[in-house]
Amino acid sequence: MPGFELFGEAEREQVNHVLESGVLMRYGFDGMRNGHWKAKALEEALAKRLQVGHAQLVSSGTSALTVALASAGIGAGDEVIMPTFTFVASFESILALGAVPVLVDVDDTLTLAPHAVKEAITERTKVIMPVHMCGSMADLRALKHICEEHQLLLLEDACQAIGGTFEGKPLGTYGDLGCFSFDYVKTITCGEGGAVVTDHEQYKRHADHYSDHGHDHVGNDRGAETHPFLGYNYRISELNAAVGLAQLERLDDFLAIQKKNYSTLRSALEGVKGVSFRRVPEGGEESYAFLNFFMPDADTAKKTQEALTSKGIDGCFYWYDNNWHYYRKWHHLTQLKSLGRLPQAVYDQLPDYGKADFSKSDHWVGRTISCLIKLGWTDEEVNSRALRMREIIGAVS
């Protein structure tokens, strides 16, 4: 997904504006800025691009999830439903607020299975948090219906899926709140950064205050600002925002490259014995950041991924054995390994994941191979890669 592959003059120009002014902080120092407010400019551009009312920049995608949950008042003892296949940031952000992560099976979308979500709802459930992994979305219509039925918040983790859409709406904007990551290996990058987006004015105001120590940002004297409530430091710097501002302007170009390269690889694999593809919900278009496909069984999938890697096809992942992205290796969560004592609600309410049955997730993730789509490939490299992948996968399957 890396936008860093195509760094150029646009990024250098935006960063130089910041370096020339010497103001690296997004707040204050008005007279020194020479009119440059990169974080504000990126927030405005992001909101416009995503057709949403508000965007709040923060320091990372993990920060975005934490700030989004806090902005909606989620705290100790509240339960947040999340998928078994995601990144560890999903449960880190929940635990950071004293809330309880409730893991739920994924289906052939590789995201939350709506029927499993229904079964996991309790009187303490406050949020359903689908994670649009590897560029594609959950069954958002079904999940939104469940949220409406049970009066729950729908928080979209779109950190890996900027540019995807569902029913004509950009991913991250279909629910009550959406989160994005702009770290070094996302489709567009700030180096480090993230954003919360919403149409809810109160959530935006809360995110603005909470991410900067509770500052209300009223007036032009930072020292005179008041603190309506407790907050923490999740600010983005002007340098990071400057990079993101240039990258956002190039997003359409990046997405077009991803789609072209994805289409070449997928066309080569269609018809290969034993290969099928993840389901994209009707009405959705993925961002084409990854090509995700299923093999007939887990053993064949693992052998196929090993064969691809050994023969020089990089960037093909077998998430089932991954330390960061699948529940099987999350021992620090299941065993609650924490430097400090967690809130009692977490100890009391966290399910015993050592005894949990996630065989339905294993059925899909265990058969999945996920191939990164790079921006820097030449047409010759993509075509050669496609033929090699077809040959290698065909030989194993």
Asker: Any ion pair linking Glu306 and Lys303 (charged N to carboxylate O, less than 4.0 Å)?
Answerer: no

Asker: So, does Ser71 use its side chain to make a donor-acceptor pair with the main chain of Ala207 at under 3.5 Å?
Answerer: yes

Asker: Which atom pair, heavy atoms only, marks the closest approach of Glu225 to Val218?
Answerer: CG-O, 3.7 Å

Asker: Can you check whether Tyr320 reaches Thr368 side chain to side chain, under 4.5 Å on heavy atoms?
Answerer: no

Asker: Does any non-hydrogen side-chain atom of Tyr288 lie less than 4.5 Å from one of Ile373?
Answerer: no

Asker: Output, in order, the C-alpha distance, side-chain angles, deciding distance and verdict of side chain to side chain contact (heavy atoms under 4.5 Å, CB included) for Gln160 and Cys134.
Answerer: CA-CA 6 Å; Gln160 288 192 3; Cys134 301; 3.9 Å; yes

Asker: Okay, side chain of Tyr347, backbone of Leu342: is any donor-acceptor separation there less than 3.5 Å?
Answerer: yes

Asker: Any donor-acceptor pair under 3.5 Å linking the side chain of Ser361 with the backbone of Val106?
Answerer: yes

Asker: Distance-only, no hydrogens or angles: does the Arg250 side chain make a donor-acceptor pair with backbone N or O of Leu6 under 3.5 Å?
Answerer: yes

Asker: Tell me whether Phe4 at atom CZ has more than 12 heavy atoms from other residues, nucleotides or ligands lying less than 6.0 Å away.
Answerer: yes

Asker: Salt bridge between Glu156 and Lys169, side-chain N to carboxylate O under 4.0 Å?
Answerer: no

Asker: Quick check: closest heavy atoms across Leu375 and Ile257, and the distance to 0.1 Å?
Answerer: O-CG2, 3.6 Å

Asker: I need the minimum non-hydrogen distance between Gly164 and Ser287, along with the two atoms involved.
Answerer: N-CB, 3.8 Å

Asker: Under 4.0 Å between a Lys/Arg side-chain N and an Asp/Glu carboxylate O for Lys360 and Asp105?
Answerer: no

Asker: After noting the C-alpha distance and the side-chain angles of Phe29 and Ser21, does the key distance pass the side chain to side chain contact (heavy atoms under 4.5 Å, CB included) rule?
Answerer: CA-CA 10 Å; Phe29 304 96; Ser21 73; over 6 Å; no

Asker: Before accepting this row, confirm whether a basic side-chain N of the pair Glu167/Arg141 lies closer than 4.0 Å to the acidic partner's carboxylate O.
Answerer: yes

Asker: Salt bridge or not for Glu391 and Arg388, using N-O below 4.0 Å?
Answerer: yes

Asker: With a 6.0 Å cut-off on the ring centroids, do Phe358 and Tyr327 count as close?
Answerer: yes

Asker: Under 3.5 Å, is there a donor-acceptor pair between the side chain of His209 and the main chain of His215?
Answerer: yes

Asker: Is there a donor-acceptor pair under 3.5 Å between the side chain of Asn322 and the backbone N or O of His325?
Answerer: yes

Asker: Are Asp183 and Lys186 within salt-bridge range, i.e. N to O under 4.0 Å?
Answerer: yes

Asker: Does Leu103 offer a backbone N or O that forms a donor-acceptor pair with the side chain of Tyr353 under 3.5 Å?
Answerer: yes

Asker: Examine Tyr203 together with His54 and report whether their ring centres are nearer than 6.0 Å.
Answerer: no

Asker: Just checking Phe277 against Phe294, ring centres under 6.0 Å apart?
Answerer: no

Asker: Testing the 3.5 Å rule here: is there a donor-acceptor pair between the side chains of Gln344 and Asp348?
Answerer: yes

Asker: For residues Thr173 and Leu50, report the shortest heavy-atom separation together with the two atoms involved.
Answerer: CG2-O, 3.5 Å

Asker: Between Arg385 and Glu381, is there a salt bridge with N-O shorter than 4.0 Å?
Answerer: no

Asker: Hey, is the main chain of Thr264 close enough, under 3.5 Å, to the side chain of Ser267 for a donor-acceptor pair?
Answerer: no

Asker: Less than 4.0 angstrom from a charged side-chain N to a carboxylate O is my criterion; do Asp362 and Arg328 meet it?
Answerer: no

Asker: Answer yes or no: is there a side-chain heavy-atom contact under 4.5 Å between Asp176 and His200?
Answerer: yes

Asker: If Ile, Leu, Val, Met, Phe, Trp and Tyr residues are connected whenever their side-chain heavy atoms lie under 4.5 Å apart, and connections chain through other members, are Met295 and Val396 in the same group?
Answerer: no

Asker: Is there a path of hydrophobic side-chain contacts, each under 4.5 Å between heavy atoms of I, L, V, M, F, W or Y residues, that connects Met82 with Leu65?
Answerer: yes

Asker: Do you know which two heavy atoms are closest between Leu255 and Gly163, and how far apart they sit?
Answerer: CD1-CA, 3.7 Å

Asker: Donor-acceptor check, side chain of Tyr262 to backbone of Leu372, threshold 3.5 angstrom: yes or no?
Answerer: no

Asker: Side chain to side chain contact (heavy atoms under 4.5 Å, CB included) for Ser370 and Arg278? Distances and angles first, verdict last.
Answerer: CA-CA 10 Å; Ser370 187; Arg278 82 184 289 183; over 6 Å; no

Asker: For Tyr174, is the NZ or CZ atom of Lys144 found under 6.0 angstrom from the centre of its six-membered ring and inside 45 degrees of the ring axis?
Answerer: yes

Asker: Stepwise, does the side chain to side chain contact (heavy atoms under 4.5 Å, CB included) test hold for Leu57 with Phe182?
Answerer: CA-CA 10 Å; Leu57 285 179; Phe182 304 128; 4.2 Å; yes

Asker: With a 3.5 Å distance limit and no angle check, can you tell me whether Glu238 reaches the backbone of Lys38 through a side-chain donor-acceptor pair?
Answerer: yes

Asker: Side chains of Thr122 and Glu79: donor-acceptor distance under 3.5 Å anywhere?
Answerer: yes

Asker: Answer whether the closest heavy-atom distance between the side chains of Leu69 and Lys126 falls below 4.5 Å.
Answerer: no

Asker: For Phe166 and Pro281, which heavy atoms make the closest approach, and how far apart are they?
Answerer: CE1-CB, 4.1 Å

